[in-house]
S.K.: 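Have a look at the structure that comes next, please.
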Protein chains: 2
Amino acid sequence: MTISEIDRRIIGLLERDARMSFAELAETVGLSKTPCWNRVKALEAEGLIRGYRAAVDPAGMGFGIEALVQVSIRPEMFEPFEREVRAHPLVRRAHATTGEADYLLHIMAADMAALDRLLRMEISQLPGVTRTVTAMITRDIKSENSLSEAHRHAGL
Amino acid sequence: MTISEIDRRIIGLLERDARMSFAELAETVGLSKTPCWNRVKALEAEGLIRGYRAAVDPAGMGFGIEALVQVSIRPEMFEPFEREVRAHPLVRRAHATTGEADYLLHIMAADMAALDRLLRMEISQLPGVTRTVTAMITRDIKSENSLSEAHRHAGL
DNA sequence: CCTGAAATTATCTTAAC
DNA sequence: GTTAAGATAATTTCAGG
């Protein structure tokens, strides 16, 4: 399933603005509306485009503080641990990783008091947790890259 | 700028599906179309809703490998370092952090050979870099939470 | 704040080249 | 791959409570 240059451009445009009309999209990539529409539907059906989401501002929603937590757990507890991580609203993202810890959690809180409570009362009490190491996020350098540009850059 | 329950529900629905029609949105939150439309436009104008983006599948785009890189730099080089991080297509996200390192970079590559090249030839050659520590992402546990649900949970 | 309706655009389908 | 036309459904504006 190789990705054509036109598909890549369509993806890049929709990554920036998911509400661009088919007319504008088609004109920008140099296609007429019908084939452009067909390609977008195909990209959705293949699962390359998973959906369309509003990008919301965490600070604007009152979450002034974000942190990264490395978590080590007892290996046999991975299943309930992961379930609760997925269910916890203040865990923004979570990855299983190699290295010193087993997971990296990106968490949010309204302020330092709330972060302290979240770490001591909730994160460190999750199933199987043996150790946490927390780093504060002091600034966001880059929020999300374009997979379309990454794809072009990587020569795929 | 306090957020009403209705605004919060609108945000939650648009986080899941940015292409929901105003008619459906309005019906779901129990409003008629015009006030619902006005609220969405106000949320966009305030910057609470930053935009609408297609969610693209990294693996589908050929990026089978992701990694987290802790980066330490010489402090006086922070500006060119951050500029190049922002410009690099294979850096998916970047945060400035407290702790042992100065930054955490989330990077992508097509395969191990490409990751090796990216780390040795590009990331570690960025301006001012003195040290990198890389952890592979072995699995995604959670991709992005709902800020609407987080807001409700936090009692804001 | 809300309702409802009208004007304008966009989506999606269909047909034909 | 293209154009074009038309039905449906959406967005956006506006008059009025």
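Hydrogens, waters and symmetry mates play no part in the numbers below; they use all other heavy atoms, side chains included. Quick caveat: nothing in here was measured; it's all calculated off a predicted structure. Every chain is numbered from 1 and lettered A, B, ... according to where its sequence line falls, protein lines coming before strand lines.
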S.K.: List in chain and number order the residues that pass ring pair (Phe, Tyr, Trp, His ring centres under 6.0 Å) with A:F81, two or more places apart in sequence or in another chain; answer none if no residue qualifies.
M.R.: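 Result, ring pair (Phe, Tyr, Trp, His ring centres under 6.0 Å) vs A:F81: A:Y103.
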
S.K.: Rounding to a whole Å, what distance do you find between B:M20:CE and D:dA9:C1'?
M.R.: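 For the pair B:M20 CE and D:dA9 C1', the rounded distance is 16 Å.
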
S.K.: For B:W37 and C:dC1, give me the distance from atom CH2 to atom C1', rounded to whole Å.
M.R.: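 Whole-Å distance recorded here is 16 Å.
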
S.K.: Grab the CG-P distance between B:L25 and D:dA9 for me, whole Å please.
M.R.: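 B:L25 atom CG is separated from D:dA9 atom P by 19 Å.
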
S.K.: What do you reckon, is CZ of A:R86 surrounded by more than 12 foreign heavy atoms closer than 6.0 Å?
M.R.: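 Above 12, so yes.
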
S.K.: If a pair satisfies salt bridge (charged side-chain N to carboxylate O under 4.0 Å, His left out) and one of its residues is in residues 56-78 of chain B, list it, with sequence neighbours excluded.
M.R.: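 Qualifying pairs: A:R50-B:D57, B:R74-B:E76.
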
S.K.: Pull out every residue in residues 10-17 of chain A that has a heavy atom closer than 4.0 Å to any atom of DNA chain D, ordered by number, or say none.
M.R.: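 Under 4.0 Å from DNA chain D: no residue of residues 10-17 of chain A.
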
S.K.: Report the distance from atom CZ of B:R19 to atom C1' of C:dC12, rounded to the nearest whole Å.
M.R.: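 Those two atoms, CZ and C1', are 13 Å apart.
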
S.K.: Would you please name every residue forming a side chain to side chain donor-acceptor pair (under 3.5 Å) with A:E100, sequence neighbours left out?
M.R.: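 Side chain to side chain donor-acceptor pair (under 3.5 Å) check on A:E100 returns nothing, list empty.
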
S.K.: Please enumerate all residues that pass side chain to side chain donor-acceptor pair (under 3.5 Å) together with B:D17, with sequence neighbours excluded.
M.R.: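 Checked B:D17 against side chain to side chain donor-acceptor pair (under 3.5 Å); zero matches.
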
S.K.: Taking only residues two or more places apart in sequence or in another chain, which ones pass side-chain contact (heavy atoms from CB on, under 4.5 Å) with A:T98?
M.R.: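 Once residues adjacent in sequence are excluded, the partners of A:T98 under the side-chain contact (heavy atoms from CB on, under 4.5 Å) criterion are B:A135, B:M136, B:T138.
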
S.K.: Give every donor-acceptor pair under 3.5 Å between a side-chain atom in residues 108-123 of chain A and any protein atom, sequence neighbours left out.
M.R.:
residue, atom, partner, partner atom, Å
A:D111, OD1, A:A113, N, 3.2
A:D111, OD1, A:A114, N, 2.8
A:D116, OD1, A:R120, NE, 3.1
A:D116, OD2, A:R120, NE, 3.2
A:D116, OD2, A:R120, NH2, 2.7
A:E122, OE1, A:H88, NE2, 3.4

S.K.: Quick one: which residue pairs count as a side chain to side chain donor-acceptor pair (under 3.5 Å) with a foot in residues 24-38 of chain A, not counting sequence neighbours?
M.R.: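 Qualifying pairs, neighbours excluded: none.
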
S.K.: Could you run down nucleotides 1-7 of chain D 5' to 3' and tag each one B, S or - for protein heavy-atom contact under 4.0 Å?
M.R.: SBBB---

S.K.: In whole Å, what is the span from the CZ atom of A:F22 to the P atom of C:dT13?
M.R.: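 So the two atoms are 10 Å apart, to the nearest Å.
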
S.K.: Going by side chain to side chain contact (heavy atoms under 4.5 Å, CB included), B:H106 matches just one of A:H95, A:K142, A:E144, A:H106. Which one?
M.R.: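 Answer to the side chain to side chain contact (heavy atoms under 4.5 Å, CB included) test with B:H106 among A:H95, A:K142, A:E144, A:H106: A:H95.
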
S.K.: Counting just side-chain N and O atoms, does A:K41 come under 4.0 Å of either OP1 or OP2 of C:dT11?
M.R.: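 So the side-chain polar atoms of A:K41 never come under 4.0 Å of the phosphate oxygens OP1 or OP2 of C:dT11.
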
S.K.: State which residues pass side-chain contact (heavy atoms from CB on, under 4.5 Å) with B:E84; sequence neighbours excluded, sorted by chain then number.
M.R.: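 Scan of B:E84 (side-chain contact (heavy atoms from CB on, under 4.5 Å), adjacent residues dropped) gives B:L126, B:P127.
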
S.K.: Tell me, which pairs form a salt bridge (charged side-chain N to carboxylate O under 4.0 Å, His left out) where one or both residues lie in residues 2-13 of chain A, sequence neighbours left out?
M.R.: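 For residues 2-13 of chain A: A:E5-A:R8, A:E5-A:R152, A:D7-A:R39.
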
S.K.: Could you summarise the pairing of DNA chain D as dot-bracket text, marking Watson-Crick and G-U pairs under 3.5 Å with ( ) or [ ] inside the strand and | across strands?
M.R.: ||||||||||||||||.

